[in-house]
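This report refers to the structure that appears directly beneath it.
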Amino acid sequence: MTDEKKPLIVVLSGLSGSGKGTQAKELIDKYGLGYVVIGDLLREEVASGSELGEKIHEIIHIKGELVPDSIAHKLLWKNISKLPEGKSFILDGYPRSEGQIEGFEKIVSDLGNIDYIFFNIDISDDMAIERLTARRVCEKCKSIFKGKDKKVCEKCGGKLIQRKDDTIEKIRKRLEWGHKDVGPVLDHYRKKGKLIDVDGERPKEEVTKQITEKLEKYL
Ligand code: AP5
């Protein structure tokens, strides 16, 4: 009998600045996984100028809070349902509250024949603040860089910008809900044996190695 592996949802969790986006890019390049990044979907909705986008802008850029579960779930499902059937994919930034556990379980059951594993990229608050205040993102290709003085994207020549929520006040807010709301989600999946903790304070390549060594058992 062959031990056939199911397609996999690779959930990337961790405080803001832990390196979810950075690691997602490495895993996509290495394994050709699909990906759905809730933060990017929310920012795209803001950029569209829609009424919903204005509401999201107020929540994520002015208040620094989580958007309501119903908005997060709807945007997510719209994009997950567009992925080719049976494709393994990365889910970056969801679920992030106890309410979203139900949303996540529904996605798993609606997709049917699929397994999942969570990676929690663990860093301290101080490290998160240090990284996020120095983060720059390419306006065009969304590549992520470290360094306040960097102005031009090394990959596509696009302009590097600072994210609107990378101010010290919004970063502290995100860390606050990162512990209060996301903590119980991590505990839930850790207890189920579906979560792997990795040391996110190591250099980028070492974090990738910690993840890929475990991930290859599932892919
Ligand atoms: P989102 O875009 O998901 O933001 P976040 O969780 O705050 O995460 P970040 O993108 O800030 O950090 P990251 O972990 O991806 O780190 P990165 O790789 O860039 O969400 C934005 C907003 O949307 C939220 O605040 C919330 O309002 C809303 N939202 C999101 N999900 C939601 C949900 N489920 N429900 C409701 N609302 C939701 O790395 C950071 C920096 O560190 C970079 O400069 C990078 O170069 C550097 N770096 C990375 N790894 C390393 C390393 N190992 N060593 C040294 N430097 C490193």
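Whatever order the structure lists them in is the order used to number ligands and atoms, beginning at 1.
- Taking every non-hydrogen atom of Q100 and a distance limit under 4.0 Å, the qualifying atoms of ligand 1 come out as 33 (C), 34 (N), 35 (N), 36 (C).
- By the 6.0 Å contact criterion, NZ on K150 is enclosed, its count of non-hydrogen atoms from other residues, nucleotides or ligands being greater than 12.
- Nearest to atom 15 (O) of ligand 1 among the protein's heavy atoms is G21 N, 2.9 Å.
- Taking the six-membered ring for Trp and thresholds of 30 and 60 degrees, F104 and F118 have ring planes more than 60 degrees apart, a perpendicular arrangement.
- Crowding of R172 atom CZ: a count of heavy atoms from other residues, nucleotides or ligands under 6.0 Å not exceeding 12.
- Nearest to atom 8 (O) of ligand 1 among the protein's heavy atoms is K20 NZ, 3.2 Å.
- When only non-hydrogen protein atoms are considered, atom 25 (O) of ligand 1 lies nearest to W177 CZ2, 3.3 Å.
- Using a 4.5 Å cut-off on side-chain heavy atoms (C-beta onward), D166 and T133 make no contact.
- Looking at atom 16 (O) of ligand 1, its nearest protein heavy atom turns out to be G19 N, 3.2 Å.
- The proximity of V67 to ligand 1, defined as any non-hydrogen pair under 4.0 Å, involves the side chain as well as the backbone.
- For ligand 1, the atoms closer than 4.0 angstrom to any heavy atom of L42 are 23 (O), 28 (C), 29 (N), 30 (C), 38 (C).
- In this structure a side-chain-to-backbone donor-acceptor pair under 3.5 Å is missing from S13 to N120.
- Interface of E65 with ligand 1, defined as ligand atoms under 4.0 Å from a residue heavy atom, comprises 26 (C), 27 (O).
- L160 places none of its side-chain heavy atoms less than 4.5 Å from the side chain of V152.
- Looking at I60 and V67, their side chains come closer than 4.5 Å, going by heavy atoms from C-beta outward.
- Set against the non-hydrogen atoms of Y94, the atoms of ligand 1 under 4.0 Å away are 34 (N).
- Looking at atom 43 (C) of ligand 1, its nearest protein heavy atom turns out to be I144 CG2, 3.5 Å.
- Scanning for side chain to side chain contact (heavy atoms under 4.5 Å, CB included) contacts around E130 gives an empty result, with sequence neighbours left out.
- The atoms of ligand 1 that sit less than 4.0 Å from any heavy atom of L132 are 11 (O).
- In this comparison of R135, R131, R96, K25, the heavy atom closest to atom 51 (C) of ligand 1 sits on R131.
- Residues S88 and V10 fail the side-chain proximity criterion, which asks for heavy atoms closer than 4.5 Å.
- If you run side-chain hydrogen bond (donor to acceptor under 3.5 Å, both in side chains) between T208 and each of Q23, E26, K25, only Q23 comes through.
- Residue K204 has at least one N or O atom closer than 3.5 Å to an N or O atom of ligand 1.
- Every atom of ligand 1 with a heavy atom of P203 under 4.0 Å away is listed here by number and element: 53 (N).
- Less than 4.0 angstrom separates some heavy atom of T22 from each of these atoms of ligand 1: 17 (P), 18 (O), 39 (O), 45 (C), 49 (C).
- Surrounding CZ of F145 are more than 12 heavy atoms belonging to other residues, nucleotides or ligands, all under 6.0 Å away.
- In summary, the atoms of ligand 1 found under 4.0 Å from a heavy atom of R202, numbered by their order in the structure, are 52 (C), 53 (N), 54 (N).
- For atom 44 (O) of ligand 1, the nearest non-hydrogen atom of the protein is F145 O, 2.9 Å.
- Taking atom 12 (O) of ligand 1 as the reference point, the nearest protein heavy-atom neighbour is G17 N, 2.9 Å.
- Counting protein heavy atoms only, atom 4 (O) of ligand 1 is closest to R163 NH2, 3.1 Å.
- R163 pairs by the salt bridge (Lys or Arg N to Asp or Glu O under 4.0 Å) definition with D165, not counting sequence neighbours.
- Between R43 and ligand 1 there is a heavy-atom distance shorter than 4.0 Å.
- Considering both main-chain and side-chain atoms, G93 comes within under 3.5 Å of ligand 1 through a nitrogen or oxygen pair.
- Under a hydrophobic-cluster definition in which Ile, Leu, Val, Met, Phe, Trp and Tyr are linked whenever side-chain heavy atoms come within less than 4.5 Å, directly or via other members, Y218 and V36 are assigned to different clusters.
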